[in-house]
Each structure stands twice: as C-alpha cells, then as structure tokens.
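This report refers to the structure that appears directly beneath it.
Residue numbers start at 1 and run along the sequence shown.
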Amino acid sequence: MAKLVFGMNQSLDGYVDHMAFAPGPVLFRHFIEEAEGQAGSVYGRRMYEVMRYWDDDHPEWDADERAFAAAWRKQPKWVVSRSLTSVGPNAELVGDDLEGAIRELKAGRDGEIEVAGTILAQSLTELGLIDEYRIYLHPVVLGQGKPYFAGPRPPLRLVASDRIGEDVIRLTYVPA
C-alpha cells in the first residue's frame, strides 16, 4: 500500500510561495531524488498548472533542472479538478469521488505518492488520507500569503527532523 505524503517549502511564518523563495542546490538535488523514487503525484489544479512548466524543455536549464524534468515527466500524475477537461502527458483527471479514487490509488501502488497543493491537502486531511506531512522550513518571513495548512491544523506528531543544506530543516509529522 502506498503512503500519501504532503510536503512543501514553508517560510518561518507558515506560508508557501514558490515565487518568494526557492530551494538552493542541495535541497533541489534532494527534490530530484525524491521525484525519481516516487510512485506518483496527486495535484490540485493550481499546483498542477504551475508544475506543467516541467513538461517543456528550456535551453537555459542546467543539468539538475533537466534531471528534475525527466523525473517529473516519468512519474504518473493524478489531477484533482472540476474545471479542467484534459491534462498533459502521463497524467489523468480524478473524478468526482475524491476519497474513493485516492483510496484505490493508495491500495493499488507501493511507495510514496506526493500530494501537491494546499487546498487538495486540506481535503485529503479531512478524509484522513494523508500519512505524512513534510515541512521544508526556510529562514524567510513572508508576512502574508497562502498558508501550508489551508484549514485547521490536524493533530500531528513529530517523527523526524533533518537539516538539508545550510539553512533548511525538514520536519516530518504523522497524524496523531
């Protein structure tokens, strides 16, 4: 059975914003390795549209960016959306039965399936389907934005903390 993992970069004050701060080289390499090993990713519409950037090659990319794009393209993706009618390569839309679709997905695969998108993560949290939360804590303060938890924070238990690179701490929690 697969494990559903929600992990995102977060500021010290609890916000996620891929435009306000980015992973350094060591953390980006970590994300490449994670993408290479994942059984797939489940995306909310907005996050999927952001990640579609990796579908097209860009001549200015370095070796790590090309490696991430290759890993991202290879893995299966499931997109939860009521407004999209089609999705890109190696992706499929999740129907109206979110809980049933994700339970089936978890039961039919092994390994880790990434959850990407705060609103989707909140829906999956409410359904009791997320097995692990990973907060990649960066030493920046944004003061506003989209919070990591889109709703009330669920009861969590810290199970690990790791330093990644010079200034990022990964905090790993499981539901309490």
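- In this structure, Trp54 and Phe68 have perpendicular ring planes: the angle between them is above 60°, well past the 30° mark.
- Residues Lys146 and Arg46 come closest through the heavy atom pair NZ-NH1, 3.9 Å.
- No continuous path of ILVMFWY side-chain contacts below 4.5 Å connects Met8 to Val140, so the two sit in separate hydrophobic clusters.
- Atom CD1 of Ile164 is separated from atom CG of Leu137 by 11.0 Å, given to the nearest 0.5 angstrom.
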Inset, instruction - Could you go through the side chain to side chain contact (heavy atoms under 4.5 Å, CB included) check for Phe21 and Ser11 one step at a time? - result: CA-CA 8 Å; Phe21 58 94; Ser11 66; 4.1 Å; yes

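- Glu132 and Thr172 are not linked by any side-chain donor-acceptor pair at a separation below 3.5 angstrom, with hydrogens and angles left out of the test.
- Counting only residues at least two apart or on different chains, the salt bridge (charged side-chain N to carboxylate O under 4.0 Å, His left out) pairs with a member in residues 97-113 are Lys3-Glu112, Glu99-Arg103, Lys106-Asp131, Glu112-Arg134.
- Minimum heavy-atom separation, Ala150 to Thr118: CB-O, 3.5 Å.
- Of the residues listed (Leu98, Ile102, Val79), the one engaging Val42 in a side-chain contact (heavy atoms from CB on, under 4.5 Å) is Ile102, and it is the only one.
- A salt bridge links Arg170 to Glu34: one of the charged nitrogens lies within less than 4.0 Å of a carboxylate oxygen.
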Inset, instruction - Using the side chain to side chain contact (heavy atoms under 4.5 Å, CB included) rule, take Leu124 and Leu4 through it: C-alpha gap first, then chi angles, then the decisive distance, then the call. - result: CA-CA 9 Å; Leu124 295 173; Leu4 214 57; 4.0 Å; yes

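- Across every non-hydrogen atom of Pro23 and Phe31, the tightest pair is CB-CE1, 4.0 Å.
- Nearest heavy-atom pair, Arg73 versus Lys77, reported as atom, atom and distance to 0.1 Å: O-NZ, 3.6 Å.
- Aromatic ring orientation, Phe6 versus Tyr148: tilted (interplanar angle from 30° to 60°).
- Taking the centre of each ring, Tyr43 and Trp78 stay at or above the 6.0 Å mark.
- Ile135 places a side-chain heavy atom less than 4.5 Å from the side chain of Tyr173.
- Shortest non-hydrogen contact noted between Leu84 and Leu93 is O-CD1, 3.6 Å.
- A salt bridge links Asp64 to Arg29: one of the charged nitrogens lies within less than 4.0 Å of a carboxylate oxygen.
- A continuous path of ILVMFWY side-chain contacts below 4.5 Å connects Leu156 to Leu120, so both sit in one hydrophobic cluster.
- Between Leu27 and His138 the shortest side-chain heavy-atom distance falls below 4.5 Å.
- When the shell of 6.0 Å around CG of Asp96 is examined, it contains 12 or fewer heavy atoms from other residues, nucleotides or ligands.
- In this structure, Tyr53 has its ring center closer than 6.0 angstrom to the ring center of Trp61.
- Without hydrogens or angle criteria, His58 side chain to Asp56 main chain gives a donor-acceptor distance under 3.5 Å.
- Between the side chain of Gln122 and the backbone N or O of Gly151 there is at least one donor-acceptor pair closer than 3.5 Å.
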